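Written out below as C-alpha cells is the structure these notes cover.
Values in this document were obtained by computation on a predicted structure and should not be read as measured data. All residue numbers in this chain count up from 1 along the given sequence.
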Amino acid sequence: MAEQKYAGFLPGAHPIEGYGAGGFRFGGMSHRGSILALPSGIHAWSAVDAADIGVASLAPLFTEPPGSIEHLLIGTGLELVPLGAALRQRLREAGIRAEPMPTGAAARTYSILLGEKRRVAAALLAVP
C-alpha cells in the first residue's frame, strides 16, 4: 500500500515512524513541515524554527483535556534551544513538564513513551 500524504490532522496517538527531509512519517502517512503530536491526534504545526515556539503557537496543546498530558517533548530543530520564560510558566500552570531537545531525540523519545502508555505529547520542528 502506498504511503498517503497527510492532510493536516490525524486523530489518535501515533508513534513517529521517521523524520528528516523537512518532515515526518506516522500512521502510514507522510507530512512535510512541523507537527504537534497530542492525545487527540497529530496536527500540522506552523512553527518553522525555535523562535516560533511559544504560548501562541502551542495553543492546541492547551485545549487538550486537563491531565491528559503530563510530559511535553519539544524538538527544537537540529540543536537544543531553551524555552522562553513565558512558555515555561504557562506549561507549569497547566501541570505539564516540558523538555526541549533536538528534534530527532524528541521524536524517538516520544514514540518510546507513547508505547509505554505515558501521558506524553510532542511539538516537533521539521529538520532537513
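- Y19 and A107 make their closest contact through CD2-CB, 4.0 Å (heavy atoms, listed as atom of the first residue, atom of the second, distance).
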CA sep, side-chain torsions, deciding dist, call: V48, L125, side-chain contact (heavy atoms from CB on, under 4.5 Å): CA-CA 6 Å; V48 175; L125 291 178; 5.9 Å; no
Steps toward side-chain contact (heavy atoms from CB on, under 4.5 Å) verdict (L73, V120): CA-CA 8 Å; L73 302 167; V120 65; 4.0 Å; yes
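- In terms of heavy-atom proximity, L58 sits nearest to A123 at CD2-CB, 3.8 Å.
- Side-chain contact between V127 and P102 is absent, with no heavy-atom pair separated by less than 4.5 Å.
- Between the NE2 atom in H14 and the OG atom in S111 there is a gap of 11.5 Å [rounded to 0.5 Å].
- For V55, the side chain to side chain contact (heavy atoms under 4.5 Å, CB included) partners at least two apart in sequence or on another chain are F62, L87, R90.
- The cluster map of Ile, Leu, Val, Met, Phe, Trp and Tyr, joined by side-chain heavy atoms under 4.5 Å apart, puts I42 and L113 in the same cluster.
- With hydrogens and angles ignored, the 3.5 Å screen pairs a side-chain donor or acceptor of E17 with a backbone N or O of G27.
- Atom CZ of R119 sits about 13.0 Å away from atom CD of E64, to the nearest 0.5 Å.
- Of the possible donor and acceptor atoms, one in the side chain of T63 sits under 3.5 Å from a partner among the backbone N and O of P60.
- Distance NE2/H31 to CH2/W45: 11.0 Å, rounded to 0.5 Å.
- The side chain to side chain contact (heavy atoms under 4.5 Å, CB included) check on A126 picks up F24, S34, with sequence neighbours excluded.
- A 6.0 Å sphere centred on CD of E93 holds more than 12 heavy atoms belonging to other residues, nucleotides or ligands.
- The shortest heavy-atom contact between L83 and A98 is CD1-CB, 3.8 Å.
- The NE2 atom of H71 sits 11.5 Å away from atom CD1 of I69, with the distance rounded to the nearest 0.5 Å.
- Other residues, nucleotides and ligands contribute over 12 non-hydrogen atoms within 6.0 Å of the CZ atom of R92.
- In this structure, CZ on R108 lies 9.5 Å from CE on M101, to the nearest 0.5 angstrom.
- Between the S57 side chain and the D52 main chain, a donor and an acceptor come within less than 3.5 Å of each other.
- Each of I16, L36, T76, I74 was scored for a side-chain contact (heavy atoms from CB on, under 4.5 Å) with L124, with one residue passing: I16.
- Distance CG/L38 to CZ/F9: 8.5 Å, rounded to 0.5 Å.
- I35 and V81 are assigned to two separate hydrophobic clusters, defined by single-linkage of ILVMFWY side chains at heavy-atom distances under 4.5 Å.
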